[in-house]
Student: 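Sending over a structure as C-alpha cells; questions will come in a sec.
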Amino acid sequence: MKILFALLLIPLLIIPAFAETQTLPTDKNTLDVKLTYDEIEPGVQTKINIDFINPQTQKVQEHIDYTVSVSKEGETVFGPIPLTHTSVGSVKIPIEFNLGEGLYSMDFEIEGILFQPIPKETVSFDILVGEANAQPITPPEDEKPNAENGGCLIATATFGSELAPQVQQLRELRDNTVLKTNSGIAFMTTFNQFYYSFSPAVADFEREQPLFKEVMKVTLTPMLSSLSLLNHVDIDSEQEMLGYGISIVLLNLGLYVGIPIFGILKLYQFRKN
C-alpha cells in the first residue's frame with residue numbers, strides 16, 4: 001500500500017519540498033524520534049525540538065534515556081552529551097551549526113524507556129544548513145535513507161511475517177526502484193510521517209480480526225501483481241519513474257475502481273431489463 005501511495009504522488013515531487021520537521025524510527029523500531037526546527041543558518045544558534053514518540057499510540061513517550069551528538073563530515077560540533085533523562089519525553093536543545101553550510105548529521109542513542117534499560121537503539125538525521133536547504137542531496141549508491149528502513153507494517157500483518165514473499169517484494173521494489181530517484185527519496189522521507197500515523201492501528205486490527213486480515217490479502221493481491229511489473233523494467237531517471245509510475249497508477253485505478261464500477265453498471269442494466 002505504501003508503494004502505491006508513493007507512485008500516486010510522485011508527480012507532485014518534481015519540485016522538491018523540504019519541511020522543517022523530520023520523523024524517523026530507531027533501528028529496532030521501538031521508538032520514533034521527531035525533530036522540529038526553524039530554518040537553520042550557519043553559525044547561528046538554533047533550538048532543535050526533539051520528541052520521542054511511541055509508534056503504537058503516536059503519543060510522546062515519557063521517561064527516555066538518550067544521548068545525542070551533531071557532526072559534519074566526521075567533525076563534531078555538538079556533544080555527544082552524557083546519558084540524559086527526559087521525564088516528559090520532549091526536549092529543546094540549542095545547537096550552533098558552526099561549520100558552514102551543508103549537510104550535518106544528528107545522531108541519537110536511546111538506552112532506556114520508563115526507567116528500564118534497553119539494548120541500545122540508534123537513529124540518525126540528516127540536517128541541511130543554509131543555502132544547501134534548497135538543493136536535494138543524492139545519497140551514495142550503497143546507502144539508504146533512514147526514513148526508508150522502516151517495515152511495511154500493514155503488509156507484514158497481512159501476510160504474517162517480514163520474510164513473507166509479498167513483503168520482500170515491496171521492500172525490494174522500494175529499495176531497488178523507488179529509492180533510485182531523487183523524487184522517490186524525497187517522498188519516502190515525508191511519506192513515512194503519514195504512513196506510520198495510521199499503519200500500526202491497521203496492523204493491530206488485522207491481528208485482532210482474522211476476517212479483516214483475509215479481506216486485506218484479497219485487496220492487496222491485485223496491487224502486488226501490478227507492482228511486480230516494475231521488477232522487469234529499468235528505471236534510471238526521473239522521467240522513467242514518472243512514466244512507469246503513472247502507468248501502474250492507471251492500471252490499479254482500473255483494477256480497483258474501473259472494474260467494480262463496470263460490474264455495478266452491468267448488474268444495474270441486467271436488473272433493469
Student: CD of E111 to OG1 of T84: how many Å apart, nearest 0.5 Å?
Tutor: 10.5 Å
Student: Could you state whether V123 and I81 fall into the same hydrophobic cluster, counting links through intermediate Ile, Leu, Val, Met, Phe, Trp or Tyr residues with side-chain heavy atoms under 4.5 angstrom apart?
Tutor: yes
Student: Measuring from I154:CD1 to L220:CG, what's the distance to the nearest 0.5 Å?
Tutor: 8.0 Å
Student: Quickly, which of K217, E206, Q166 forms a side-chain hydrogen bond (donor to acceptor under 3.5 Å, both in side chains) with T158? Name it, please.
Tutor: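 Single pass found, and it is E206.
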Student: May I ask you to check whether H85 and Y66 place their ring centers less than 6.0 Å from one another?
Tutor: no
Student: Would you check, one step at a time, whether the test side chain to side chain contact (heavy atoms under 4.5 Å, CB included) holds for F125 with F108?
Tutor: CA-CA 9 Å; F125 292 84; F108 290 85; 3.9 Å; yes
Student: What I'd like to find out is whether the side chain of I40 reaches to under 4.5 Å of the side chain of I95, using heavy atoms alone.
Tutor: no
Student: Determine the minimum heavy-atom distance between S69 and G79, stating which atoms define it.
Tutor: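 Minimum heavy-atom separation between S69 and G79: CB-C, 4.3 Å.
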Student: What distance separates L31 CG from Q56 CD, expressed to the nearest 0.5 Å?
Tutor: 10.5 Å
Student: To the closest 0.5 Å, what do you measure between NZ (K92) and OG1 (T86)?
Tutor: 12.5 Å
Student: Between I110 and K120, is there a side-chain heavy-atom distance shorter than 4.5 Å?
Tutor: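 No, too far: nothing below the 4.5 Å cut-off.
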Student: Group every Ile, Leu, Val, Met, Phe, Trp and Tyr by side-chain heavy-atom contacts under 4.5 Å, then state whether V257 and L265 land in the same group.
Tutor: yes
Student: Is K28 paired with E121 through a side-chain N to carboxylate O contact shorter than 4.0 Å?
Tutor: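 K28 and E121: not salt-bridged.
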Student: F212, V218: one ILVMFWY side-chain cluster at the under-4.5 Å cut-off?
Tutor: no
Student: A side-chain contact here means heavy atoms from C-beta on lying under 4.5 Å apart; do V77 and E96 qualify?
Tutor: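 No. Closest side-chain heavy atoms not under 4.5 Å.
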Student: Out of curiosity, does F205 fall in the hydrophobic cluster containing F159 (side-chain heavy atoms, cut-off under 4.5 Å, transitive links)?
Tutor: yes
Student: Using the rule that two of Ile, Leu, Val, Met, Phe, Trp, Tyr join whenever any of their side-chain heavy atoms come within less than 4.5 Å, decide whether F52 and L114 are in one cluster.
Tutor: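 Yes, one cluster joins them.
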Student: Yes or no on salt bridge (charged side-chain N to carboxylate O under 4.0 Å, His left out) for K72 and E75, after CA distance, side-chain angles and deciding distance?
Tutor: CA-CA 5 Å; K72 181 185 179 189; E75 184 174 350; over 6 Å; no
Student: Would you say I113 and Q61 make side-chain contact, with heavy atoms under 4.5 Å?
Tutor: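 They are in contact (side-chain heavy atoms under 4.5 Å apart), so the answer is yes.
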Student: Measuring only between side-chain heavy atoms, which start at C-beta, is I50 closer than 4.5 Å to V33?
Tutor: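 Side-chain contact under 4.5 Å: yes.
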Student: Between the main-chain N or O of T122 and the side-chain N or O of D27, is there a donor-acceptor pair closer than 3.5 Å?
Tutor: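 Checking the backbone N and O of T122 against the side chain of D27, a donor-acceptor pair under 3.5 Å is found.
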Student: At their closest point, which heavy atom of P42 faces which heavy atom of E101, and how far apart are they?
Tutor: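 Nearest heavy atoms, P42 then E101: CG-CG, 3.8 Å.
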Student: To the nearest 0.5 Å, what is the distance between NZ (K34) and OG (S90)?
Tutor: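 So the gap between those two atoms works out to 9.0 Å.
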Student: How about T76 and S71: does a side-chain donor come under 3.5 Å of a side-chain acceptor?
Tutor: no
Student: With a 4.5 Å cut-off on side-chain heavy atoms, are L35 and I127 touching?
Tutor: yes
Student: Taking all non-hydrogen atoms of both residues into account, name the closest pair between T30 and T26 and its distance.
Tutor: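 The pair with the smallest heavy-atom distance is N-OG1, 3.3 Å.
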Student: What are the two closest non-hydrogen atoms of M223 and Y256, and how far apart are they?
Tutor: N-OH, 3.0 Å
Student: Less than 4.5 Å apart, any side-chain heavy atom of V60 and any of V88?
Tutor: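 V60 does not reach V88 side chain to side chain.
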Student: At what distance, to the nearest 0.5 angstrom, does OG1 of T46 lie from CG of D38?
Tutor: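 Rounded to the nearest 0.5 Å, the OG1-CG separation comes to 7.5 Å.
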Student: Indicate yes or no: at least one non-hydrogen side-chain atom of E41 is less than 4.5 angstrom from one of V129.
Tutor: no
Student: Would E109 and V68 count as a side chain to side chain contact (heavy atoms under 4.5 Å, CB included) if you check the C-alpha gap in whole Å, the side-chain angles of each, and the deciding distance to 0.1 Å?
Tutor: CA-CA 7 Å; E109 295 181 352; V68 60; over 6 Å; no
Student: Which residue, Y37, F97, F78, forms the ring pair (Phe, Tyr, Trp, His ring centres under 6.0 Å) with Y104?
Tutor: F97
